[in-house]
> 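Got a structure for you, questions after.
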Protein chains: 2
Amino acid sequence: MRTYGQYCSVAKALDVVGDRWTLLIVRELLLQGPCRYTDLKSGLPGIATNLLADRLRELERAGLVRREEAPPPIATTLFQLTDAGNELEPVLDALCGWGVRYMTAPDEGDQFRSHWFSLPASLFLHDRDPGGAPVTIELQAAGRPAVIEVSGGSVRTRLGSAPAPDVVLRGTPQAIMATLTGHLTVDQAAARGLEITGDPAVLARLLPEPAAGPS
Amino acid sequence: MRTYGQYCSVAKALDVVGDRWTLLIVRELLLQGPCRYTDLKSGLPGIATNLLADRLRELERAGLVRREEAPPPIATTLFQLTDAGNELEPVLDALCGWGVRYMTAPDEGDQFRSHWFSLPASLFLHDRDPGGAPVTIELQAAGRPAVIEVSGGSVRTRLGSAPAPDVVLRGTPQAIMATLTGHLTVDQAAARGLEITGDPAVLARLLPEPAAGPS
DNA sequence: CGGCATCCTCTTTGATACTG
DNA sequence: CAGTATCAAAGAGGATGCCG
């Protein structure tokens, strides 16, 4: 394990989570909760299997990940974050917030997974009416649908469908992302192909004030 | 430039700043302001010079760093962060906050620079009496002294000495770090060799509530 | 299938030396 | 001062094999 050899908090943090893929593995475990090896691999398109195994071992040694042998009938290994691992969430949030500037059009060949909407959703959506009735928004992009559930002022996202969502957003990951992050207004997004059905007031309650310039 | 190929804000951020040394270079430019190549190298003990040159080029191409040829009489190149670069501060803050858990004893051979106190200082010190008189605290560890300046509720740190500091902390980087982050109370730190001179009330005004367990 | 380990190639890094 | 050049070592990526 190569370290920076600097007595600095940032350098020490990067000694532990600065290796390639490491923070993305933490992202998966944060967003998905306890995961099987195969779940991790499919949530991390592009990772080499030996690298995933290596990193999981390192994360375990560092005390960020705990490995649990689920008993039969499950009979599989589950990987989950420890407290120290969960406490990386502010780091992921900050990176997510800084990285949205690059979330314009996907690059050629970019992969996408619906649960990746979770971080931007909780980072950018805020309930302006925390006492109001709970609402759900279904997101339909490539792959599986996702649901944003808002209640009591908290915003949570999970994979799956809602029985009767208040709003459905259907379109490319890019269009949905731009709407969630406030990069496009609802009208602008609709004009670019985002299908919006349901109650517009729910979106007005949650979406951030859109930024100045369009695009 | 190797990318993760994932349409996710975190992955896109790491595509840009995820390489080894990159975030530490940003740290230096954030803490030190515009820097000469040599200043950067001495603030990044352990970096290979070709790697520093490579990274600076990449950071410039990515629009995080601007290179400026200072005219004579200075006649040197200055590297400074652009707005996009400066906006990485929340990422550095989050990493710093998460990394303090590893700031126990320095590892064998760890290097230290006094300006590295800046991040923990602004992260952990808070002025409980923002209307009170401005105060300064001088930190004397290895290398050059540093000064924490508190006024109008803001906490700033710079290299150098204060003419008449309200408090002087003198000791190992570890002892000072533990005190600033609230890992040790003033009394505990003093018992472990930290020399504290000046007005104790100033520290009480600024230091965080110390955590439960000692060490 | 789930959870890796091995083998091989290619790229990145680190250390050192040298230059305008 | 601000890098470039060189080279060995480490790490990443990809394919495939193995074992319960």
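Quick caveat: nothing in here was measured; it's all calculated off a predicted structure. Labels below follow one simple rule: chain letters A, B, ... track the order of the sequence lines, proteins then strands, and each chain is numbered from 1.
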> Scan side-chain atoms only and decide if Q188(A) and H183(A) contain a donor-acceptor pair under the 3.5 Å cut-off.
no
> Sugar-phosphate means primed atoms, P, OP1 and OP2; the rest is base. With that split, encode nucleotides 9-20 of chain D 5' to 3' as B, S or - using protein heavy atoms under 4.0 Å.
---SBB-B----
> Quick one: how far along DNA chain C does chain B reach, first to last nucleotide 5' to 3', anything under 4.0 Å to a heavy atom?
dT13(C) to dA17(C)
> With heavy-atom distances below 4.5 Å as the criterion, would you say the side chains of R113(B) and P45(B) are in contact?
yes
> Should R2(B) and D19(B) count as an ion pair when the cut-off is N to O under 4.0 Å?
no
> Hey, is R158(A) close enough to E149(A) for a salt bridge, meaning N to O under 4.0 Å?
yes
> Please enumerate all residues that pass ring-ring contact (aromatic ring centres under 6.0 Å, His included) together with F124(B), with sequence neighbours excluded.
none
> Quick one: do E138(B) and R170(B) make a salt bridge, cutoff under 4.0 Å?
no
> Apply side-chain hydrogen bond (donor to acceptor under 3.5 Å, both in side chains) to the pair T22(A) and R20(A), showing each step before the final yes or no.
CA-CA 6 Å; T22(A) 301; R20(A) 193 163 163 75; over 6 Å; no
